Amino acid sequence: MIEKLDVIGKQALEDLKSASSLELLEQLRVSLLGKKGALSEVLKGLGAVSADERPKIGAAANEWKRRIEETLEARKAQLETVALEAQLKSQRIDTSIPSRLSHRGTHHIITRTTRRLLQTFQRLGFDVTTGPEVETEFLNFEAVNIPKDHPARDMQDTFFMGPGVVLRTHTSSVQMRTMRSRQWPVRIVCPGAVYRSDHDATHSPMFHQVEGLWVDRGIKMSDLKGVLAFFARETFGPEVKVRLRPSYFPFVEPGAEVDVSCFQCGTKPVSTCKVCRGSGWLEILGAGMVHPRLLELAGYSGDDLTGFAFGIGIERIAMILHGVPDLRLMFSGDSRFLNQF
Ligand code: DAH
């Protein structure tokens with residue numbers, strides 16, 4: 001029996017070492033070590049063997065079993081490594097293939113225009129301040145010198161939220177809020193949404209403004225003009241000129257409407273110009289010297305204390321800059337429009 005075991009064992013080791021696949025190896029394992037495997041078959045004859053021979057045969061069988069298992073494990077490890085390498089080779093990742101870009105959002109044209117305007121004023125030392133969109137009637141009107149019976153209240157079709165509470169009709173409401181909460185000097189720009197009951201190609205019930213306010217000793221109209229000229233050049237280009245036309249706003253005295261020269265056709269306006277329609281000028285904002293009554297209401301006093309204020313319509317600037325023909329496009333959520341920016 002020992003000889004039989006030796007023959008089986010030697011053959012088994014050879015077979016295992018040369019097994020070419022994991023499946024073959026498994027088949028060999030079953031045929032050698034399984035319940036009906038070669039070793040078991042031999043050991044079935046153990047009953048016919050004399051009692052003192054038996055332990056020797058048992059020991060020999062165990063030794064072969066151990067060697068077979070050892071060889072099996074070693075070959076298995078080898079074959080597994082080979083299989084893994086083959087798999088890695090066949091599944092190699094090609095890092096040179098361009099990736100598929102995921103969809104990325106962009107900032108809305110209003111957000112971008114607002115940021116651009118704010119940055120320009122921040123470079124001149126203006127701080128960004130905000131106020132609430134739901135505002136007291138007092139801060140929206142009385143505090144900026146628009147009394148109850150003032151026609152300006154009709155000019156601005158106001159949304160009333162309740163007695164004494166409105167949706168602010170302009171960002172000028174932030175002027176008195178700020179002045180009442182801190183001492184002068186004040187140099188601020190206040191961006192935000194404003195509301196008026198108005199709806200057509202150039203008016204939306206909700207739109208955006210940036211209010212500017214600079215109060216300090218000796219602030220002059222020329223300072224206003226200088227700041228606005230800087231803003232105009234930064235926004236529309238270095239050649240652009242600014243012109244102030246006398247106008248009336250209750251919160252400033254004197255007040256002005258401010259135009260910039262057309263950045264498209266410049267000094268020689270052409271009648272076909274789509275930007276200025278041949279006038280050579282674009283109205284972009286309202287401005288003026290802060291009305292003394294506002295400084296008084298703010299509790300500000302000081303020799304020579306003056307200030308200027310301005311209000312810019314952000315949609316208007318964005319429309320001029322990008323040639324947008326209809327204001328309503330900005331709020332349509334139409335991706336064909338929005339994707340252009
Ligand atoms: N509040 C004005 C409006 O909504 C804009 C404006 C004009 C603001 C003149 C000002 C200013 O500060 O001085 O139409």
Side-chain angles (χ1 to χ4, degrees), residues 114 117-118 121 124 126-133 135-147 150-159 166-179 186-198 202-216 219-229 231-232 242-260 282-295 297-298 306-317 319 327:
T114 308
L117 299 192
L118 293 180
F121 289 109
L124 295 177
F126 284 79
D127 288 331
V128 176
T129 309
T130 53
E133 292 172 22
E135 186 55 281
T136 61
E137 211 179 337
F138 174 78
L139 284 177
N140 192 81
F141 293 121
E142 275 90 348
V144 286
N145 205 26
I146 311 177
H150 199 285
R153 291 214 185 183
D154 300 330
M155 272 157 51
Q156 305 182 343
D157 293 317
T158 313
F159 288 114
V166 298
L167 287 180
R168 66 177 176 198
T169 60
H170 52 186
T171 43
S172 302
S173 59
V174 188
Q175 286 193 22
M176 193 58 68
R177 254 183 190 279
T178 309
M179 287 200 282
V186 169
R187 198 187 326 176
I188 52 166
V189 274
C190 324
V194 302
Y195 301 84
R196 289 178 207 176
S197 178
D198 221 348
T202 51
H203 297 91
S204 153
M206 188 278 301
F207 59 105
H208 299 81
Q209 292 184 330
V210 171
E211 187 80 11
L213 177 70
W214 189 348
V215 176
D216 201 347
I219 297 286
K220 298 182 292 291
M221 194 96 180
S222 53
D223 297 315
L224 169 63
K225 198 169 177 188
V227 165
L228 294 179
F231 154 71
V242 167
R243 126 181 135 175
L244 274 65
R245 277 180 293 108
S247 185
Y248 174 73
F249 300 98
F251 26 88
V252 283
E253 180 56 40
E257 267 166 337
V258 180
D259 303 337
V260 292
L282 301 159
E283 187 193 326
I284 54 162
L285 57 95
M289 299 304 291
V290 176
H291 197 291
R293 218 181 113 57
L294 268 69
L295 300 179
L297 255 174
T306 50
F308 66 70
F310 57 85
I312 308 175
I314 296 172
E315 280 79 2
R316 168 112 182 107
I317 302 290
M319 285 172 80
L327 176 70

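None of these values were measured; they are calculated from a predicted model. In listed order, ligands and their atoms are each counted from 1.
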Evaluate Phe249 for polar contact with ligand 1, using N/O atom pairs at a separation under 3.5 Å.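 Not met; the criterion fails.
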Please answer whether the main-chain N or O of His203 pairs with a side-chain N or O of Arg196 as donor and acceptor at a distance below 3.5 Å.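 Looks like no, no N/O pair under 3.5 Å.
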Asp157 side-chain N/O to Asp198 backbone N/O, donor-acceptor pair under 3.5 Å: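 No, because the side chain of Asp157 does not come within donor-acceptor range (under 3.5 Å) of the backbone of Asp198.
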Proximity to ligand 1 by part of [X], non-hydrogen separation under 4.0 Å:
X	result
Phe308	neither
Ser172	side chain
Arg196	side chain

Just jot down the side chain to side chain donor-acceptor pair (under 3.5 Å) partners of Asp259, sequence neighbours excluded, or say none.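 Result, side chain to side chain donor-acceptor pair (under 3.5 Å) vs Asp259: Arg243, Arg245.
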Under 4.0 Å from a heavy atom of [X]: which atoms of ligand 1 are those, numbered in the order shown and with their elements?
X	answer
Gly311	6 (C), 8 (C), 10 (C), 12 (O)
Val252	13 (O)
Gln209	3 (C), 4 (O)
Gln175	12 (O)
Gly288	13 (O)

Measure the shortest side-chain to side-chain distance between Gln175 and Glu211 over non-hydrogen atoms and say whether it is less than 4.5 angstrom.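 Of all side-chain heavy-atom pairs linking Glu211 with Gln175, at least one is under 4.5 Å.
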Contact between Glu257 and Phe249 at the side-chain level, heavy atoms closer than 4.5 Å - yes or no?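 They are in side-chain contact.
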Could you name the option among Ser247, Gly313, Gly286, Ala309 that has the heavy atom nearest to atom 7 (C) of ligand 1?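 Answer by nearest heavy atom: Gly286.
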Audit row: Arg177, Thr129, side chain to side chain contact (heavy atoms under 4.5 Å, CB included) steps and yes/no: CA-CA 10 Å; Arg177 254 183 190 279; Thr129 309; over 6 Å; no
Taking only distance into account, with no hydrogens and no angle test, what donor-acceptor pairs under 3.5 Å do side-chain atoms of residues 306-316 form with protein atoms, sequence neighbours excluded?
unit_1	atom_1	unit_2	atom_2	d
Thr306	OG1	Ile219	N	2.9
Thr306	OG1	Ile219	O	2.7
Glu315	OE1	His208	N	2.8
Glu315	OE2	His208	N	3.2
Glu315	OE2	His208	ND1	2.6
Arg316	NE	Glu283	O	2.7
Arg316	NH2	Glu283	O	2.9

